[in-house]
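Worth saying up front: this structure is predicted, and the values here are computed from it rather than measured.
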Amino acid sequence: MVQNYPLVSVIIPVYNSAKFLEETLQSVYDQTYPAIEIIVVDDGSTDDSAEIAQSYSGVNYTYQENQGVSVARNTGISKAGGEYIAFLDADDIWLPEKLLVQIDFMLKNPDYQITTTDKINFLEAGTELPDHLKQKDDWQTMEENIPSTMVAHRSVFDKIGNYSPDYQSSEDVEWIWRAKDANILIIKIEKKLVRRRFHGSNLSWILVKDHKANIMRILKESITRKKMS
C-alpha cells in the first residue's frame with residue numbers, strides 16, 4: 001500500500017446541511033488514509049452548519065454568500081494545498097478505506113489522473129422515493145458517478161479549469177465531460193466506498209427536470225470544443 005502519503009484536500013460544500021454534516025465529517029476523520037486536509041465551504045447556510053463544522057479540530061472553514069455548489073467547490077479548490085483533491089457532499093458518507101484505496105491505485109498507475117468508486121444509495125428514514133427513482137429497477141446501484149466518489153490530481157484543474165458556475169445542476173457531469181475531451185484518463189474502481197444519502201432535498205431531485213436539457217447543452221459544448229481543437 002501507500003508508503004509516502006501525498007496530501008489530499010477534501011472539499012465539502014455545505015448549504016443548510018446541519019442534519020447530516022456531523023456524520024459526513026466523521027466519515028472523513030475515520031479515513032485510514034493519514035494525510036488529509038478538510039475544507040468546508042459554507043454556501044450561505046442559515047442553520048447550524050457553521051457551528052458543527054467549526055467544532056471539528058483542523059477544519060478549514062469558509063463562509064460565503066449563497067452562490068451555488070459550483071462556486072462553493074471552486075472556493076474550496078482555491079484554498080486546497082493538496083496534490084490530490086477529493087469532494088464530499090455534505091449529506092454523503094465515506095467508508096473508512098475510501099481514500100487509501102484510490103490514492104494507492106493512482107500512485108501505482110499515475111497515467112490515471114481521476115478515479116471514481118462504486119457507491120450504494122440509501123434512503124433516509126421517513127423519505128419517500130420520487131417518481132423518477134421509483135421507475136428504476138435498482139435505484140440503490142444506479143450507474144452514475146457523483147462528486148463524492150471522485151479523487152483528481154491537482155493538475156487536472158490546472159489543465160481544464162474548475163466547475164462551471166453556469167450550471168446549477170449537472171455541473172459534475174459537465175466537468176467530467178471536459179476532462180474526457182482533454183484526454184484525461186479516468187477509471188472507476190469497482191468497490192462500494194461511498195454511501196449516498198437520499199433525503200428528499202437532494203439538489204439532483206429538486207432539479208431533475210433540468211437534467212436532459214443540461215446534457216444536451218454539455219454535448220453541444222463538447223462538439224464545439226472538438227471542432228476548435
Side-chain angles (χ1 to χ4, degrees), residues 5-31 33-94 98-99 102-103 114 116 145-176 178-179 194-197 199 201-204 206-207:
Y5 297 99
L7 182 66
V8 178
S9 298
V10 179
I11 298 171
I12 306 175
V14 173
Y15 179 68
N16 289 341
S17 304
K19 184 177 180 181
F20 312 117
L21 184 56
E22 186 172 354
E23 190 174 8
T24 297
L25 282 168
Q26 192 58 50
S27 77
V28 182
Y29 278 86
D30 290 342
Q31 289 297 298
Y33 188 84
I36 299 172
E37 68 170 0
I38 304 173
I39 300 168
V40 171
V41 181
D42 187 342
D43 191 38
S45 296
T46 57
D47 63 2
D48 295 332
S49 294
E51 289 79 2
I52 293 170
Q54 293 177 95
S55 72
Y56 281 79
S57 62
V59 167
N60 180 343
Y61 172 84
T62 296
Y63 178 88
Q64 65 182 30
E65 295 297 323
N66 181 257
Q67 300 175 70
V69 67
S70 291
V71 175
R73 290 199 189 110
N74 293 344
T75 297
I77 293 167
S78 72
K79 295 179 178 298
E83 182 178 348
Y84 293 89
I85 293 177
F87 297 98
L88 176 56
D89 287 344
D91 47 8
D92 292 338
I93 301 165
W94 283 349
K98 193 258 188 192
L99 287 182
Q102 287 178 274
I103 298 301
I114 300 173
T116 64
N145 290 320
I146 58 172
S148 293
T149 70
M150 189 182 78
V151 173
H153 195 275
R154 180 60 184 256
S155 62
V156 177
F157 297 92
D158 296 334
K159 184 172 183 179
I160 70 168
N162 294 348
Y163 286 87
S164 171
D166 295 333
Y167 284 83
Q168 295 301 309
S169 63
S170 308
E171 76 292 331
D172 51 326
V173 178
E174 190 275 335
W175 188 86
I176 284 287
R178 265 189 282 141
V194 176
R195 298 185 69 220
R196 181 192 191 187
R197 189 194 309 266
H199 50 79
S201 298
N202 305 76
L203 197 61
S204 59
I206 296 170
L207 300 177

Least distance between heavy atoms, A53 atom then L25 atom: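 The pair with the smallest heavy-atom distance is CA-CD1, 4.0 Å.
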Nearest heavy atoms of D92 and I146, plus distance in Å: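 Closest approach of D92 to I146: OD2-CD1, 4.0 Å.
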Any donor-acceptor pair under 3.5 Å linking the side chain of [X] with the backbone of [Y]?
X: Q31; Y: L99; answer: yes
X: T149; Y: T116; answer: no
X: S27; Y: I93; answer: no
X: D42; Y: Y61; answer: no
X: S45; Y: D47; answer: no
X: S9; Y: I85; answer: no
X: W94; Y: S148; answer: yes
X: S49; Y: A18; answer: yes

Just verifying a value: how many Å separate [X] [atom1] and [Y] [atom2], rounded to the nearest 0.5 Å?
X: Q54; Y: D48; atom1: CD; atom2: CG; result: 11.5 Å
X: N60; Y: K79; atom1: CG; atom2: NZ; result: 6.5 Å
X: E51; Y: L21; atom1: CD; atom2: CG; result: 11.0 Å
X: Y5; Y: I103; atom1: OH; atom2: CD1; result: 11.5 Å
X: D91; Y: N16; atom1: CG; atom2: CG; result: 12.0 Å
X: Y29; Y: I36; atom1: OH; atom2: CD1; result: 9.5 Å

Ring-ring centroid check Y163 F87, cutoff 6.0 Å: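 Yes: the rings meet the under 6.0 Å criterion.
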Side chain to side chain donor-acceptor pair (under 3.5 Å): pairs with one or both residues in residues 62-74, sequence neighbours excluded: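 Passing the test, one end in residues 62-74: D43-Q64, D43-N66, Q64-T75, R73-D89, R73-E171.
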Pair K98-Y33, side chain to side chain contact (heavy atoms under 4.5 Å, CB included): steps then yes or no: CA-CA 8 Å; K98 193 258 188 192; Y33 188 84; over 6 Å; no
Qualifying residues under salt bridge (Lys or Arg N to Asp or Glu O under 4.0 Å), relative to E23, sequence neighbours excluded: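 Checked E23 against salt bridge (Lys or Arg N to Asp or Glu O under 4.0 Å); matches are R197.
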Ignoring hydrogens and angles, write down the donor-acceptor pairs under 3.5 Å from the side chains of residues 150-158, residues two or more places apart or on other chains.
from: H153; atom 1: ND1; to: S155; atom 2: N; distance (Å): 3.1
from: H153; atom 1: ND1; to: S155; atom 2: OG; distance (Å): 2.9
from: H153; atom 1: NE2; to: E83; atom 2: OE2; distance (Å): 3.4
from: R154; atom 1: NH1; to: A80; atom 2: O; distance (Å): 2.8
from: R154; atom 1: NH2; to: I77; atom 2: O; distance (Å): 3.3
from: S155; atom 1: OG; to: Q113; atom 2: NE2; distance (Å): 3.2

Audit row: W175, I160, side chain to side chain contact (heavy atoms under 4.5 Å, CB included) steps and yes/no: CA-CA 8 Å; W175 188 86; I160 70 168; 3.6 Å; yes
Chi angles and distances behind the side chain to side chain contact (heavy atoms under 4.5 Å, CB included) call for I12, V28: CA-CA 10 Å; I12 306 175; V28 182; 4.3 Å; yes
